[in-house]
Amino acid sequence: MTTQTPKDAGAIILLRHDTDQNNPEVFWVKRSTKLAFLGGYRAFPGGQREVLDDEVSVKNCDDPERGAMISCAARELFEEVGVLLARGSKTLTVGQRTSLSDDLESGRMSWPELLAHYDLHLDANDFTFAGRWVTPPFAPRRFDTWFFLANCPAKQEPHITQDSELESGEWIAAADAYGQWQRSEIIVVPPVLHAMKTLAAGLSDDLIARFLSIPEAHREPTRRIEFHPNYICFPVRTPTRPPATHTNCYLVYNSREILVIDPGSPYEDEQQALAECLDDLMAAGRNAREILLTHVHPDHVAGVTALNAHLATHHGRSIPVAAHRATAESLKGQFDVDRFIEDGDRIVLAGEPAIALRALHTPGHARGHLCFYDELTGALISGDNVVGFGSVLIDPPEGNMRDYLAALERMRALPNLSVLFGGHGPAIANSYEKLTEYISHRLEREQSILSAVRAGATTPKEIVARVYTDVSPKAHGLAERAVIAHLEKLEADGLVALNSNNEYFARVLGQ
Ligand SMILES: [Zn+2]
């Protein structure tokens, strides 16, 4: 399974005019919670490169590639927050800038035409390169993003344009933004976190050197992703169900202890990378406490034995494995589960900050499926019940649609959910929206399936042909499994039944 090639993108880290050198303010935006990709995340204005970005000539720039990316970042900044970083724009009135932005948005003028029309030009000296970050291969969309640091011109004030992708935007002191992340109040991707941390130390002479001091700022994909503090998302390559190619292992840690959740890779290089990450955390004096499993599927458990072998060799002892009893039973013969986790159990870490995970038995995708809810920060490790990439397969008899919907309802009823850490893909910041979307999607499918049965479809195959018109015939086998799961639920709900020929029919109320 190959992962997709990252697309070029540009972003601007915009500093406020005449900002405090020791406590600089930067303009950040909140992505709409309605967006499927990184909805609800804080970010910098930016976006994907367009063909015409290459046609803008950038002064003081001898590298056409860099020029095109400056053009891309400047255009995105103008489109999203109305700030025009072009020489010659000082004489434009606010009204003129607004009408230019309308022209660009409506397509009346292209970006190169617009600059030429008002005799404006971009100058590379206004855009300081601050790193190039590649989205790790676990995400549904991947970007190779060029970040540029720029000063906001004196007479321009950023504001969110009609752009439906963004919900809000504001100036914030980098130290405050970093503080919000430390308090688990916001979710950002690694380059944004790195920028906030770097800026929070002040606009010193070595600012850019600090920006560029880590390999991730030079296109080395990030392995250790901290969407929230104390939660490392460590995607490992697994033979999982496409389109996903990776399974997220989570390392939950504080000053003294570490929990490892779902080490799922069967591949040696990936197991080694995970072991090194754990070694780093342990080198700082922490104790690896336990391996927790969300559920039985191979892409979530295949690295357990290797991780424990590593711990035994390098740290003198392996650590206990904990899972639901149903998971433990299915794993018999592979490795032993040392402790059973029941619904409601709390796993409390010794050390600072306090971390208490409450286990929720949430079957549906798998019988012994567990989620782990952090009562203090509202983070929920959602396993394969909700994922950031791909869809969730409910495959009977291990899968059960009725249980699954009940599990989703239960998850949605949890107070102050701040993030869902799914088994695949990026963290989900818009937790309640995502859960509602999952529930409605399943209920809509259920209604279509019921209608198909009422209209005379009698077998899963016939139902798939009528209902799954949006799915390629290649996926019909999997769709049939999902239909069977829905039919089982409808049967349990008393809405359909099977006749002696193994054909489904709709029950009339009261029958
Ligand atoms: Zn699974």
Side-chain angles (χ1 to χ4, degrees), residues 1 138-140 233-250 260-267 270-271 274 291-305 307 321-332 334-335 337 341 343 359-373 380-408 410-411 420-428 434-435 438-439 441-442 475 477-486 488-489:
M1 182 74 206
F138 78 133
C233 170
F234 198 96
V236 287
R237 208 172 74 256
T238 56
T240 184
R241 210 161 61 81
T245 55
H246 288 63
T247 300
N248 295 333
C249 174
Y250 290 98
V260 183
I261 304 178
D262 287 357
S265 182
Y267 307 125
E270 293 293 283
Q271 292 170 344
L274 176 65
I291 295 172
L292 308 183
L293 303 177
T294 61
H295 67 294
V296 68
H297 289 150
D299 59 326
H300 292 256
V301 307
V304 168
T305 306
L307 189 64
V321 180
H324 190 269
R325 192 182 297 268
T327 302
E329 272 162 22
S330 307
L331 286 171
K332 264 188 196 143
Q334 290 185 53
F335 55 83
V337 169
I341 301 176
D343 183 60
L360 305 171
H361 181 217
T362 44
H365 172 70
R367 284 183 239 255
H369 194 284
L370 295 170
C371 292
F372 299 99
Y373 176 55
L380 178 65
I381 295 195
S382 58
D384 270 359
N385 271 7
V386 179
V387 293
F389 188 15
S391 56
V392 176
L393 180 65
I394 308 300
D395 189 4
E398 184 69 43
N400 181 298
M401 192 61 75
R402 214 172 191 219
D403 288 349
Y404 181 58
L405 274 160
L408 293 176
R410 191 175 171 207
M411 291 158 76
L420 301 180
F421 288 123
H424 306 276
I428 296 159
K434 185 60 80 180
L435 283 161
Y438 264 54
I439 292 167
H441 168 73
R442 297 291 176 170
L478 283 179
E480 257 183 61
R481 303 304 306 161
V483 166
I484 291 167
H486 278 293
E488 281 183 5
K489 176 174 181 294

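Keep in mind the model is a prediction, meaning the values are calculated, not measured. In each ligand, atom 1 is the first atom listed, and ligand 1 is the first ligand listed.
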Engineer: Report the relative orientation of the aromatic rings in Y250 and F421; use parallel for angles under 30°, tilted for 30 to 60°, perpendicular for over 60°.
Structural biologist: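 Answer is tilted, since the angle falls between 30° and 60°.
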Engineer: In this structure, which one of D262, T247, T245, D299 forms a side chain to side chain donor-acceptor pair (under 3.5 Å) with T238?
Structural biologist: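 Exactly one candidate clears the test, T247.
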Engineer: Around the Zn ion (ligand 1), how many protein N, O or S atoms are there at under 2.8 Å?
Structural biologist: 4
Engineer: Might you work through the salt bridge (charged side-chain N to carboxylate O under 4.0 Å, His left out) test for D384 and R241, ending with a clear yes or no?
Structural biologist: CA-CA 11 Å; D384 270 359; R241 210 161 61 81; over 6 Å; no
Engineer: Below 4.5 Å, heavy atoms only, C-beta onward: do V386 and L435 meet side chain to side chain?
Structural biologist: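 They are in contact (side-chain heavy atoms under 4.5 Å apart), so the answer is yes.
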Engineer: Angle class for the H297/H365 ring planes (parallel below 30°, perpendicular above 60°, tilted otherwise)?
Structural biologist: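 Perpendicular.
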Engineer: Quick check: closest heavy atoms across P426 and P140, and the distance to 0.1 Å?
Structural biologist: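 The answer is CD-CD, 3.6 Å.
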